[in-house]
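Here is the structure we will look at, set down as C-alpha cells.
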Amino acid sequence: MADPTGPLETTALTGLWQGMGARMVPFAGYLMPVQFADGVMKEHQWTRTEAGLFDVAHMGPAHLTLNARPAAPEAAHAAIAALVETFLPCDVAGLRPGQLRYTTLTNAQGGVLDDLFVGRPADPDSQGSLYFVVNAGCKEADFALIAAATAGKATLTRADRSHTLIALQGPKAVDVIPNLVRGAASPKKLGFMEYGVFTGPFGALTISRSGYTGEDGFEILVAADQAVSLAKLLLAHSAVKAIGLGARDSLRLEAGLCLYGHDLDTTTSPIEAGLAWTIQKVRRERADFPGAARILRELAEKPSRRRVGLLPRDDKAPAREGTPIHTPAGEAVGVVTSGGFGPTAGGPVAMGYVATAHAAPGTELDLIVRGQPRRWVVTALPFVPHRYHRPA
Amino acid sequence: MSVYFTKDHEWIAVEGTSATVGITRYAADQLGDVVYVEVPAVGRTVTQGGEMAVVESVKAASDVYAPVSGTVSEANEALGGAPETVNEDPEGAGWFARLAISDPGELSGLMDRAAYDAFIAGL
C-alpha cells in the first residue's frame, strides 16, 4: 500500500472528477471519487439499469512475460503457467487463449494475501505472457511476490502508471463499448471473463468482459495519456454516468463479491470464503500451491467457519463491518465483514463469517447492532442475481 | 423561537424550555442518502454532547449528539418509514426529537445561524 502518511496519489482522471464536482476521499493511498452529484443511491441504480463509468486506476494491472519464450505458443504458455502455479492455486495451464480467471494469492498457512485476475493473451504471438490485475492496497506486496517468485525467468511490467484502468458496468455498457474500437474485432463478442487487445482512436486497449458489480460490463486498460479523452467520449453517451466508490461498494456487496481487507485477509482461507470454485480439480489433485495442506483439509472436512450472506428478518437497521453475530441463545458465532444498505435489494444486506454449524441458508441469527440483538437470516449469495454475459 | 447550531452539525430550535433537534442541511448533504434513522425513546434523558440518535447513509452510521441536556418529550417516528425526509427537509420535517431542556444555560455555548454559516464555510 502507498505510504498512508504520505501525499495521496492521483490517477489520470482525478482532474476530470474534480472538475465534475465529485466528492473526493483517500482510498488505498489514492485520492478517489466516492460520489458524484447524484449520490450513492442514484449512482447504484443507474449502474443496474444503464451504464456506470468507474475510475479503477488505483488497481494494479501488470504483464508477466517469460525472458526466453519458446517459439511454439502452447509450449510458451505451458512454461509461464508452470512458473506462476508455484504461487497461484488456480489452473493457469488450462486457461484458453483470451480467458481470465479470478484467483487468490495464498500464503503457506492457506490465508489469502490478495484476490486477483490472471489472464492468458488471445494472440498466438503473445503466448508466454500473462495479464494480472491485483488490488490497489496489495499491489506493492503482490508485485514484489510475483517478481521474486519468477526472478531470472520472467519479467513483471507494471501498467498502473503507464496505463489507466476504467470500468464500464451495466446492461447498456455493451451498447457503448464499440465506440472505443475500429475494425472487425469487437469487444461485444467477448464472453464473461474473456479479454483481448483492441485498437481504435485511443490506441491499443486491453478490454476484458469483467467487473465488480454483478452486471454485464467491461474493464478497459488504456494508455494514461489517452484516459481523459476516452472517459469523456464514454461520458458523452446518454447511457453513461460517472459512478463513485460508494456505489461500487454497494453494487459489489449486493453481488456477494469479496472486498479484500474486509471479507478476505491472511486469516481467511479460500474455502472459508466460499471460493473453492477458484481452485480447479487439477490443482487440488496436485496439491502443490501455498497453503494446500489447510485448503485441501478444509475441502475434505469442511472449514470451521464460512462466509455467508445475511438479510434482516424484518428490520431496517443496517449492520456494519465488525457487528458481532450470535445465536438466538446468545452464543457468539461470527462477525460481519461487509454490511450496508442495498439500494436494489431495498434494505440492509451484510456478509460475514459464521461457524459452519450456523451457516446453512435459513438459519436465524442475532446481529448485535449498538448493543441490541436484531434477528437476521443466513441467505444464499448473491443478494441480487448476477447478469453476466455468458454466450451459449 | 431561536435556532442554534453545534460544531457537530445539529440544529436546535428553542421556545422557552422546549426544543426541537435535527441535523443541518450541510450534515445531510455530507451524509448522502439517508437509509435509516434511530430516534430516541420518549422519556429518555440525554446529556449535552452525548449520543442521542443514529443516522445511517448507504455507506456509514453516524451518531447525532444532543445539543443540550434534557428529556426527550417526542420523537419523529415518521422517519422510520421515510428516512429520506432527512435529506429532503433536514431543518424542517426531518427533525429527530423534541426535548424538555434541563439547563438553558447550555445554549450560550452554541452558535447562531451566522456563526454556523461561517463555521461551515471554513471547513
Suppose a student defines contact as a heavy atom less than 4.5 Å from any heavy atom of chain B. Which residues in residues 363-372 of chain A would they list?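 Hits under 4.5 Å: A:Arg370.
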By number, which residues in residues 311-325 of chain A have some heavy atom less than 4.5 Å away from chain B?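 Within residues 311-325 of chain A, the residues under 4.5 Å from chain B are A:Lys316, A:Ala317, A:Pro318, A:Arg320.
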Side chain, backbone, both or neither: which part of [X] has a heavy atom under 4.5 Å from chain A?
X       : result
B:Asp29 : backbone
B:Val54 : side chain
B:Gln30 : both

Full working for side chain to side chain contact (heavy atoms under 4.5 Å, CB included) between B:Asp33 and A:Lys42: CA-CA 9 Å; B:Asp33 301 303; A:Lys42 285 183 182 155; 6.0 Å; no
Residue-level interface, residues 102-123 of chain B with chain A, non-hydrogen cut-off under 4.5 Å: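 Result: none.
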Can you pull out the residues in residues 58-69 of chain B with any heavy atom less than 4.5 Å from chain A?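 Contacts with chain A: B:Val58, B:Lys59, B:Ala60, B:Ala61.
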